[in-house]
**Student:** 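My structure is below; once you've seen it, I'll send some questions.
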Amino acid sequence: MFQVPRGTRDFTPEEMQKRRYLEHTMATTFTSFGYGEIQTPTFENQELFTAKSGESIINELYAFNDKGGRALALRPELTAPVIRCYVERLQMEPKPLKLYYFGNCYRYDRPQKGRYREFQQAGCELIGTDTHEATAELLALAYTILKNTGLKDIHLNIGNLTIISAIFRKLHLLKDDQKMILPLIDKSQFDDLQIALRDCNVSEEMITTFLDVLQTSDITKIRAFIGDDAEANTELSSLETILDLLRDAFHIPDYVIKLSIVRGLDYYKGLVFEIDAPALGAEKQLCGGGSYDLISLFGGTAVPTSGFAIGFDRTLLALEEEGFQFPTPKLDVFVIPVNPTMNNTVIQITQKLRSLGISADFDQLRRGIGKSLKYADAKHAEKVIIVGPKELENNTVTIRNMKTGAQEVVTLNDIYTKLQKS
RNA sequence: GCCCGAAUAGUGUAGCCUGGUAACAUAUGGGACUGUGGAUCCUCUGUGCCGGGUUCAAAUCCCGGUUCGGGCCCCA
């Protein structure tokens with residue numbers, strides 16, 4: 001027996017129904033915010049990803065050489081391909097340029113729940129603006145997309161790398177020490193962090209205040225800590241303005257300032273954010289993003305960029321965990337011939353309904369009415385048309401409403417007006 | 001890449017400890033009910049993840065692999 005490769009999945013019609021629903025609601029929200037869809041190849045030159053994230057990521061790439069000896073890789077994410085495309089052919093588009101995407105990505109990782117080797121990402125890039133209102137809108141978009149899918153419990157956490165760097169300066173931490181404590185901050189392991197800071201000769205008083213600042217949402221506390229650092233003060237004022245807009249203009253009040261968000265990569269600068277779904281446990285992060293600079297790295301003219309990526313599969317899992325009722329696939333009409341001599345009429349009725357945009361199907365197994373009703377029920381048919389000799393003598397059929405069980409006899413000509421109204 | 005657990009009809013499970021006829025529910029196909037039964041009843045089909053070992057005998061015990069889950073690493 002064959003089975004799917006490790007970390008990959010088949011999607012049944014039932015699962016595809018959910019995935020298409022989710023994709024549709026997300027795409028609708030993106031377009032309502034003025035974004036246009038973009039699609040890039042499933043594989044790219046390996047260099048694109050190593051340039052962005054360093055050689056070490058080859059271990060987690062599906063990388064291969066093609067028959068011409070070109071070093072290629074299945075894409076592990078979509079930001080680099082989209083920015084590559086921008087640099088290659090979209091630089092002269094009017095700004096701001098708003099791009100969104102859906103796409104399968106591939107990473108050689110140990111699979112577990114919410115983590116697959118082939119997975120889908122949804123996301124967007126905002127190119128050519130970093131005004132407060134643009135940044136606030138990006139945060140609002142990320143939050144709104146997830147809310148619009150029907151998710152109830154999500155947490156938006158906002159951090160800032162410029163501010164955290166200023167704090168490090170304040171603590172007089174060496175570069176190597178910073179590297180060591182960053183992962184501890186990212187994982188919110190504050191006990192270990194405290195010990196590590198003592199080893200770096202940071203005073204007890206500073207450690208206490210620092211830990212407090214990392215966990216606070218109070219901007220005044222943060223401002224007090226960074227003191228007269230000009231760059232950090234500017235950034236903090238910007239953050240304050242952005243958050244005011246998010247709360248008062250976009251009406252999204254439930255965010256949390258979390259300076260401990262550092263994210264795992266070097267090209268982010270300034271604002272970073274994450275959205276979690278507590279329902280998911282270990283792999284609970286649904287969305288991550290921020291402002292970054294990749295364009296100059298890829299040889300384009302530097303303009304401000306920001307964006308985020310959403311874990312599509314995790315979002316779906318979170319909805320399932322919350323018991324979300326997905327729309328069920330339905331059939332408008334199922335047509336049942338009482339015996340096979342009715343087939344000709346039954347097919348004509350079915351075809352006419354289909355041509356009117358009404359989804360319709362008919363019994364193709366020559367089963368009795370009972371079994372056919374059961375099948376119609378399993379397929380969530382709304383109405384059933386029963387075609388039998390008794391009715392046909394008077395050029396009529398029986399229409400049964402599957403929800404109420406109510407039946408009425410209708411002439412052949414009236415079927416279509418009758419069904420179109422409802 | 002590391003530690004731990006699991007794997008039995010399409011689906012959900014029992015049996016495993018203590019080796020001895022693979023079971024139950026549900027779903028699917030067929031039939032009865034002579035056109036209303038989205039019922040009921042009857043019935044066919046379909047199952048031990050893979051490979052080795054121990055044994056007269058392995059779903060059961062042992063070893064290796066695979067896959068899935070839980071926790072790490074990582075998370076662009």
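In the text below, chain A, chain B and the rest are named by the order of the sequence lines, each starting its count at 1.
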**Student:** If I take atom CZ in residue A/Arg366 and atom P in nucleotide B/G31, what distance separates them, rounded to the nearest angstrom?
**Tutor:** 11 Å

**Student:** Taking NZ, NE, NH1 and NH2 as the nitrogens, is one of them in A/Arg20 or A/Glu23 under 4.0 Å from a carboxylate oxygen of the other?
**Tutor:** yes

**Student:** Does A/Arg19 count as lying over the ring of A/Phe11, i.e. NZ or CZ under 6.0 Å from the six-ring centre, within 45 degrees of the axis?
**Tutor:** yes

**Student:** In whole angstrom, what separates A/Tyr108's OH from B/A76's C1'?
**Tutor:** 19 Å

**Student:** How would you list, by chain and number, every residue that makes a side chain to side chain donor-acceptor pair (under 3.5 Å) with A/Lys170, sequence neighbours excluded?
**Tutor:**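 Partners of A/Lys170 by the side chain to side chain donor-acceptor pair (under 3.5 Å) criterion come out as none, since no residue qualifies.
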
**Student:** Students often mix this up, so state it plainly: with edges at 30° and 60°, are the rings of A/Phe102 and A/Phe30 parallel, tilted or perpendicular?
**Tutor:**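 Because their plane-to-plane angle is over 60°, the rings of A/Phe102 and A/Phe30 count as perpendicular.
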
**Student:** Rounding to the closest angstrom, what is the interatomic distance between B/C61 and B/C3 at atom C1'?
**Tutor:**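 My reading of the C1' atoms in B/C61 and B/C3 gives 24 Å.
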
**Student:** For B/G5 versus B/A23, give the span between their P atoms, rounded off to a whole number of Å.
**Tutor:** 31 Å

**Student:** Taking the six-membered ring of A/Tyr108 as reference, does the NZ or CZ atom of A/Arg117 fall below 6.0 Å from its centre and within a 45° cone about the axis?
**Tutor:**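 Checked: cation-pi criterion met.
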
**Student:** In whole Å, measure the gap between the P atoms of B/A27 and B/A39 for me.
**Tutor:**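 The same atom, P, in both gives a distance of 9 Å.
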
**Student:** Sort and list the pairs that fulfil ring pair (Phe, Tyr, Trp, His ring centres under 6.0 Å) and have at least one residue in residues 116-160 of chain A, not counting sequence neighbours.
**Tutor:**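 Non-adjacent pairs meeting ring pair (Phe, Tyr, Trp, His ring centres under 6.0 Å): zero.
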
**Student:** Rounding to an integer number of Å, can you tell me how far A/Asp109 CG sits from B/C72 P?
**Tutor:** 15 Å

**Student:** Determine the interatomic distance between P on B/U18 and the same-named atom on B/A76; round to the nearest Å.
**Tutor:** 48 Å

**Student:** Suppose we screen for side-chain contact (heavy atoms from CB on, under 4.5 Å). Which residues come up paired with A/Glu231, at least two apart in sequence or across chains?
**Tutor:**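 For A/Glu231 the side-chain contact (heavy atoms from CB on, under 4.5 Å) partners, ignoring immediate neighbours, are A/Thr162, A/Arg169, A/Asp229.
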
**Student:** Using atom CZ of A/Arg107 as one end and atom P of B/A76 as the other, report the distance to the nearest whole Å.
**Tutor:** 7 Å

**Student:** Taking atom C1' in both B/G1 and B/G10, compute the distance separating them and give it to the nearest angstrom.
**Tutor:** 36 Å

**Student:** Students often get this wrong, so: under 4.0 angstrom with heavy atoms, is A/Arg314 touching a base, only sugar-phosphate, or nothing?
**Tutor:**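 Nothing, no nucleic acid heavy atom in range.
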
**Student:** If you measure from the C1' atom in B/C4 to the same atom in B/U43, how many Å do you get, rounded?
**Tutor:** 46 Å

**Student:** Work out how far the C1' atom of B/U26 is from that of B/U34, and round it to whole angstrom.
**Tutor:**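 These two C1' atoms come out 30 Å apart once rounded.
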
**Student:** Just how far, in rounded Å, is P of B/A76 from CG of A/Leu161?
**Tutor:** 12 Å

**Student:** Classify every nucleotide of nucleotides 32-41 of chain B by which part a protein heavy atom approaches to under 4.0 Å, writing B for the base, S for the sugar-phosphate alone and - for neither, in 5'-to-3' order.
**Tutor:** ---BBBB---

**Student:** Quick one: list whatever passes side chain to side chain donor-acceptor pair (under 3.5 Å) with A/Thr131, sequence neighbours left out.
**Tutor:** A/Thr129

**Student:** A/Tyr268 OH to B/A76 C1': how many Å, rounded?
**Tutor:**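 In whole Å, B/A76 C1' lies 8 Å from A/Tyr268 OH.
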
**Student:** Would you mind checking if A/Arg354 and A/Asp361 are paired as a salt bridge, meaning a charged N to carboxylate O distance below 4.0 Å?
**Tutor:** yes

**Student:** For A/Thr341 and A/Asn339, which I'm curious about, is there any donor-acceptor pair between the side chains at under 3.5 Å?
**Tutor:**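 There is such a pair (donor and acceptor under 3.5 Å, judged by atom type) between the side chains of A/Thr341 and A/Asn339.
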
**Student:** By the 4.0 Å heavy-atom rule, please label A/Glu60 as base, sugar-phosphate, or nothing.
**Tutor:**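 Touches a base.
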
**Student:** Find the distance A/Phe119:CZ to B/C74:C1' and express it as a whole number of Å.
**Tutor:**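 Answer to the nearest Å: 12 Å.
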
**Student:** Expected output check: what is the dot-bracket annotation of RNA chain B, where ( ) and [ ] are pairs inside the strand (brackets for crossing ones), | is paired with another strand, and pairs are Watson-Crick or G-U under 3.5 Å?
**Tutor:** (((((((..((((......[..))))..((((.......)))).....(((((..]....))))))))))))....

**Student:** If we take the C1' atom in both B/G29 and B/G70, what is their distance in whole Å?
**Tutor:** 40 Å

**Student:** Distances under 3.5 Å between protein N/O atoms and the N/O atoms of nucleotides 69-71 of chain B, please, pair by pair.
**Tutor:**
| unit_1 | atom_1 | unit_2 | atom_2 | d |
| --- | --- | --- | --- | --- |
| B/G69 | O6 | A/Arg110 | NH2 | 3.2 |
| B/G70 | OP2 | A/Lys113 | N | 3.1 |
| B/G70 | N7 | A/Arg110 | NH2 | 3.2 |
| B/G70 | O6 | A/Arg110 | NH2 | 2.8 |
| B/G71 | O6 | A/Arg110 | NE | 3.1 |

**Student:** Going by the ring pair (Phe, Tyr, Trp, His ring centres under 6.0 Å) test, which pairs reach into residues 309-354 of chain A, not counting sequence neighbours?
**Tutor:** A/Tyr21-A/Phe324, A/Tyr21-A/Phe326, A/Phe324-A/Phe326, A/Phe334-A/Tyr375

**Student:** Expressed in angstrom and rounded to an integer, what is the separation of A/Glu15 atom CD from B/U11 atom C1'?
**Tutor:** 13 Å

**Student:** Side chains of A/Gln215 and A/Ser260: is there a donor and an acceptor less than 3.5 Å apart?
**Tutor:**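 No - no donor-acceptor pair under 3.5 Å links their side chains.
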
**Student:** Please give me every residue in residues 301-313 of chain A whose heavy atoms get under 4.0 Å of an atom in RNA chain B, ordered by residue number.
**Tutor:** none

**Student:** With sequence neighbours left out, what residues match A/Lys403 under side chain to side chain donor-acceptor pair (under 3.5 Å)?
**Tutor:**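 For A/Lys403, the residues satisfying side chain to side chain donor-acceptor pair (under 3.5 Å) (neighbours in sequence not counted) are A/Glu382.
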
**Student:** Do any pairs count as a salt bridge (charged side-chain N to carboxylate O under 4.0 Å, His left out) and have a residue in residues 269-291 of chain A, sequence neighbours left out, and if so which ones?
**Tutor:**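 Passing the test, one end in residues 269-291 of chain A: A/Arg115-A/Glu283, A/Arg263-A/Glu274, A/Asp276-A/Lys284, A/Glu283-A/Arg314.
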
**Student:** Taking only residues two or more places apart in sequence, or in another chain, which ones meet A/Glu322 in a side chain to side chain donor-acceptor pair (under 3.5 Å)?
**Tutor:** none

